[in-house]
Number of protein chains: 2
Amino acid sequence: MERKTRQYQAIFEVIAQGGRPLLSQEILELASKAVPQLSLATVYRQIKSLLEDGSIRQVQLPGQNPRYEIGSHEHDHDHGHHHYFQCRRCEKVFDVPTCPGNLDKLAPAGFMVEDHEIILYGRCGECAGENVMRKH
Amino acid sequence: MERKTRQYQAIFEVIAQGGRPLLSQEILELASKAVPQLSLATVYRQIKSLLEDGSIRQVQLPGQNPRYEIGSHEHDHDHGHHHYFQCRRCEKVFDVPTCPGNLDKLAPAGFMVEDHEIILYGRCGECAGENVMRKH
DNA sequence: TTAGTTGCAAAAGGTTTGCCGTTTT
DNA sequence: AAAACGGCAAACCTTTTGCAACTAA
């Protein structure tokens, strides 16, 4: 993607301003405010090219559809290594900047650990005081 | 599912003897040795009922198809809480029995951590000495 | 002008389901 | 024989792709 179309600008803007990883559906809905006729196919195509040039990164939680957030070199320093927190009430995903460090000792003997992923689950700041049953 | 059909026995046996979480495709292939005409639909239906009665558990790694392994109460003690290791060469997934414990402090202030998941990536015992390029 | 983009609809890949014939009890 | 189960094909859901129309440069 080399042209700065309205679709491109709307999609990139939404991800950049999102503040947290967004689902492709969310990106479509938010970017549609700026470009009403926007199609999901275009969202996916822009996501693909933004991923390829490193502008955004894909965030995968187990058993869930992929989310996208602004890429590492845009505002990170340590190769972008960090983790995620998902709120069990509002289901939003948030970045967790810290990392406990080496987890090599967890693996069985003879296994060589090269990397790890950590996902925390619980209640985000907004939902921590709220009742379980309500939504919004 | 309340009847002990050949399909049921073959599928359960494969998961129980697998030693590691298996993909539904792998379950189909392995169980087909015992029941050649076995269909994927049956594998999924048995998986569903085995999950419901707790005989097996679902293992989800980010961005990958679900795997299944023998259920917690079958041979665990601590509610089955444990983690996983995936080999980047052979792509098999292995259980990691240990857990670093509380990761509450990683989350942003105001967030309430209830649970966590950890996935390690690297080389399994068999693949640790092997060359990156080869497969098998 | 014209090559890159978009929208639409169809295709793909994995999982689920409806239907109906088969098997277990 | 009745109820449960299995196989096949169609349905689903999310993501990808072919193609003709559109648009940025």
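In what follows, chains carry the letters A, B, and so on, assigned in the order in which the sequence lines appear, proteins first and then strands, with residues in each chain numbered from 1.
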salt_bridge(Arg20(A), Glu69(A)) N-O dist < 4.0 Å: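 No, no charged N to carboxylate O under 4.0 Å.
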At less than 4.0 Å, is any side-chain N or O atom of Gln25(A) found next to OP1 or OP2 of dC13(D)? Yes or no.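 Answer is no, no contact under 4.0 Å.
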Just N and O in the side chain of Gln64(A): are any of them under 4.0 Å from OP1 or OP2 of dT14(D)?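 It does not, given that no N or O in the side chain of Gln64(A) lies less than 4.0 Å from OP1 or OP2 of dT14(D).
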Considering heavy-atom distances to DNA chain C, does Arg45(B) or Tyr68(B) have its closest nucleotide positioned more toward the 5' end?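 Nearer the 5' end of the strand: Tyr68(B).
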Whether each nucleotide of nucleotides 20-25 of chain D has a protein heavy atom under 4.0 Å at its base (B), only at its sugar-phosphate (S) or at neither (-) is summarised, 5' to 3', as ---BBS
Quick check for you: among dT17(C), dC5(D), dT6(C), whose closest atom lies nearest to any side-chain atom of Gln46(B)?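 Among the listed nucleotides, the one closest to the side chain of Gln46(B) is dC5(D).
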Using 0.5 Å steps for rounding, measure from the CE atom of Met1(A) to the CD atom of Glu52(A).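 So the CE of Met1(A) and the CD of Glu52(A) are separated by 9.0 Å.
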Using whole Å, report how far CG of Leu28(A) lies from C1' of dC8(C).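 My rounded result for the distance is 14 Å.
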For the backbone of Leu38(A) and the side chain of Gln7(A), can you confirm whether one donor and one acceptor N or O come within less than 3.5 Å of each other?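 No; judged by distance alone, with no hydrogens or angles, the pair does not exist.
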Counting N and O atoms only, with roles assigned by atom type, does the side chain of Gln46(B) sit under 3.5 Å from a partner on the main chain of Phe12(B), one being a donor and the other an acceptor?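 Not confirmed, Gln46(B) side chain does not pair with Phe12(B) backbone.
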For residues Cys127(B) and Lys92(B), determine if any side-chain heavy atom of one lies less than 4.5 Å from a side-chain heavy atom of the other.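 No, their side chains stay 4.5 Å or more apart.
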For Glu126(B) and Cys90(B), run side chain to side chain contact (heavy atoms under 4.5 Å, CB included): C-alpha distance rounded to whole Å, both residues' side-chain angles, the deciding distance at 0.1 Å, then the answer. CA-CA 9 Å; Glu126(B) 273 191 22; Cys90(B) 67; over 6 Å; no
Give, ordered by number, those residues of residues 29-39 of chain B having at least one heavy-atom distance below 4.0 Å to an atom of DNA chain D; if nothing qualifies, reply none.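 Within residues 29-39 of chain B, the residues near DNA chain D are Gln37(B), Leu38(B), Ser39(B).
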Residues Tyr121(B) and Glu117(A): side-chain donor-acceptor under 3.5 angstrom: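 Yes, because at least one side-chain N or O of Tyr121(B) sits under 3.5 Å from a partner of the opposite role on Glu117(A).
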Run through Val59(A), Ile118(A), Val96(A) and flag the one making a side chain to side chain contact (heavy atoms under 4.5 Å, CB included) with Tyr84(A).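 It is Val59(A), the one option of Val59(A), Ile118(A), Val96(A) that forms the side chain to side chain contact (heavy atoms under 4.5 Å, CB included) with Tyr84(A).
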